[in-house]
Every structure is written in C-alpha cells, then in structure tokens.
Number of protein chains: 2
Amino acid sequence: MGKAKANKDLSFDFDFLDKLVVGIGEVSQITGIPTRQIRYWEDKGIISSLTEEEGKNRRYNYENIKKMLLIKELTDEGYTLDASAEKVKKRMEMIEETLSKLQKK
Amino acid sequence: MGKAKANKDLSFDFDFLDKLVVGIGEVSQITGIPTRQIRYWEDKGIISSLTEEEGKNRRYNYENIKKMLLIKELTDEGYTLDASAEKVKKRMEMIEETLSKLQKK
DNA sequence: TTGCAATTGTAAATTATTTACAATTATTGA
DNA sequence: TCAATAATTGTAAATAATTTACAATTGCAA
C-alpha cells in the first residue's frame, strides 16, 4: 500500500466531518451528556441545533458536538454554565481555524 | 494560538470517530444512500450494523459508514454489489491500518 | 433561608424506524 | 427475445425515539 493512498483516504475525513449531522440521541451517546441536558442548554441559548422547523427532530453537526464536549469539560472543572460557554467561544474559533486550514490542504 | 494546542484539538478527533455511532437516517443524509437501500444491503449481508436486539433502531459506526461510501463509489462505477463488497474489504483493511497508526501517535 | 442556577421528571403528541410482504426495474446469459 | 437473477423500491402496521410544555428538584452562594 502506498502512503499517498492512505493520505487520500484520510483527507476525505474532513469532508466527512462536514457532512456529519446527527440526532440528539446519538449526540448523547457520543458525548455522555443526557438528552434532557442538551435540550436545556439549547433552551438557554448556550448551544444551537440545525433544525429549521420546530417539532422536527434536532440535528447537530460536528461543530455543535465539539462545543458540547468543551462545555462539559469546563463545567466538570467547576465553571458555571455561562462561564464555560464564554470560554468555549474562543476555543471554537481556534478549532475552526485549524480545520479550515486542513480542509484547504 | 500555539500550534501544539491546535494539534491537541485535532488528535482528539480520532477518539471522536471512535465514539461516533449514528442512526440510519443520519447515515442516509451523510452518504446519500436511501435508508431502504441501506437495509437491503444489510439484509444481503454486505454491511452490518451494531444493533444487538432486533426491533431496536440500527446503529452504525464510522467504519460502517465508510464502507457504505466505498461500496457506493464502486457500484456507481459499474461494479455489481457483490464485486464492490469484495473490493471494499481490502480497502477497509488499509483504512483501519492507517487509523490505528494515527491513533497511537 | 432565600434566591437563582442547573438539572431532572414526565405525559401526550408527533416523528422516525422496524419488519414483513410484495412489486418493480435493470441486467445477463441461453 | 425471454426467462432468471440481481438490485432496488413501495408501503402498512407496530414500535422506538423525540418533541414540547409544565413542573419539581437539587445545589450553591449571598
């Protein structure tokens, strides 16, 4: 197997992450955050979902999920929810910057 | 922002992919393969899901999804379903090898 | 102990998925 | 061409998962 081929398969994962959209149950499984808590955070405006029409199931992309994981990290450390959300904003910007660089490559 | 920090955030994505488990609706959105077709492929034994109990909703991990995408690629090229499945086996091994190397790092 | 932040509980309605049976549409070799 | 097989698609009824809304509970700091 050539190294070039392996890299091709891998770089594709950034397209994959881009398409990745999952429901609240999956997010809960992935992050360990209860669905009830995810909805609460959304009610509070801390996070957001992609869902357009109300009544339809919530959909989250990679960025949303990443954000939840970061917030969870910080609240576990002892920060309040609002403080965590504030801090996460800055980290999110970093991540986006990193990802966009890698996508271009 | 330090480069080290960015790398840390990124390497975390391999853990993320590991935890990633999604339902059939999401897989359909991500891959563009209709849910009906995904179930058909599963019936035929071409792909598999993680679901243990029957009647419960199907769950797919990253490997499953990747496999579907590869099969779709090949059938679109004109290969039969069985031939595609055969070819994909080998490519899957490559991908796993690549991923496991990156996870260790 | 009061007030607020944060989380959790749950019922009824709705949305999404499952299974099972069947029909339809290519494709291929005789 | 035609028959056989591959591949996909349709759908109804049952079940699983999610939504919203109203409320209760828990934890913590002033």
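Basis for what follows: all heavy atoms, side chains included, without hydrogens, waters or symmetry-related copies. Every chain is numbered from 1, with letters handed out A, B, ... down the list of sequences.
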Next item on the list: Could you tell me whether E52(A) atom CD has more than 12 heavy atoms of other residues or ligands within 6.0 Å of it?
Entry: no

Margin query: Using the rule given for side chain to side chain contact (heavy atoms under 4.5 Å, CB included), can you reason through Y60(B) versus M68(B), listing the C-alpha separation, both sets of side-chain angles and the distance that settles it, and then say yes or no?
Written below: CA-CA 10 Å; Y60(B) 301 95; M68(B) 293 185 220; 3.5 Å; yes

Next item on the list: List the protein contact pattern of nucleotides 14-19 of chain D with one symbol per nucleotide (5' to 3'): B for base contact, S for sugar-phosphate-only contact, - for none; contact means a heavy-atom distance under 4.0 Å.
Entry: --SSSB

Note to self: Looking at W41(B), I'd like to know whether one of its side-chain N or O atoms comes within less than 4.0 Å of OP1 or OP2 on dA7(D).
What the structure shows: no

Note to self: Which residues in residues 74-88 of chain B have a heavy atom closer than 4.0 Å to any atom of DNA chain C?
What the structure shows: none

Notebook entry, point to check: Hey, can you pull the residues of residues 43-50 of chain A with a non-hydrogen atom under 4.0 angstrom from DNA chain D?
Noted result: none

Notebook entry, point to check: First and last nucleotide of DNA chain C in contact with chain A, 5' to 3', at under 4.0 Å to a heavy atom: what are they?
Noted result: dA6(C) to dA16(C)

Checklist line | Side chain proximity check, E53(B) to K56(B), heavy atoms < 4.5 angstrom | finding: yes

Notebook entry, point to check: L74(A) and L81(A): side chain to side chain contact (heavy atoms under 4.5 Å, CB included), yes or no, with the steps?
Noted result: CA-CA 8 Å; L74(A) 292 175; L81(A) 190 52; over 6 Å; no

Note to self: When the axes are fitted on five pairs at both termini, how much does the helix from dT1(C)-dA30(D) to dA30(C)-dT1(D) curve, in 10° steps?
What the structure shows: 40°

Margin query: If I compare all heavy atoms of S100(A) with all of E97(A), which pair ends up nearest, and what's the gap?
Written below: OG-O, 2.9 Å

Next item on the list: Output, in order, the C-alpha distance, side-chain angles, deciding distance and verdict of side chain to side chain contact (heavy atoms under 4.5 Å, CB included) for N61(A) and L50(A).
Entry: CA-CA 8 Å; N61(A) 61 16; L50(A) 305 172; 3.7 Å; yes

Item checked: With S49(B) via side-chain hydrogen bond (donor to acceptor under 3.5 Å, both in side chains) - residues at least two apart -> E42(B), T51(B)

Notebook entry, point to check: Of E96(B), M94(B), K89(B), which is the lone residue that meets side chain to side chain contact (heavy atoms under 4.5 Å, CB included) with M92(B)?
Noted result: E96(B)

Notebook entry, point to check: Got a salt bridge between R91(B) and E73(B), using NZ or NE/NH1/NH2 to carboxylate O under 4.0 Å?
Noted result: yes

Margin query: Looking at every heavy atom in both P34(A) and S28(A), which two are closest together, and how far apart are they?
Written below: CA-OG, 3.8 Å

Next item on the list: Verify side chain to side chain contact (heavy atoms under 4.5 Å, CB included) between R59(A) and V22(A), making sure each step is shown before the conclusion.
Entry: CA-CA 5 Å; R59(A) 299 284 151 193; V22(A) 304; 5.9 Å; no

Next item on the list: Search all heavy atoms of G25(A) against all heavy atoms of T35(A) and return the closest pair with its distance.
Entry: CA-CG2, 4.4 Å

Check: Can you tell if the side chain of F16(A) reaches within under 4.5 Å of the side chain of T31(B), non-hydrogen atoms only?
Finding: no

Checklist line | Distance, nearest 0.5 Å, that separates CD1 of I47(A) from CD of Q37(A) | finding: 9.5 Å

Item checked: Verify same cluster id: V21(B), V27(B) (apolar side-chain graph, 4.5 Å) -> no

Next item on the list: Check the distance between dA24(D)'s P and R36(A)'s CZ and give it to me in whole angstrom.
Entry: 14 Å

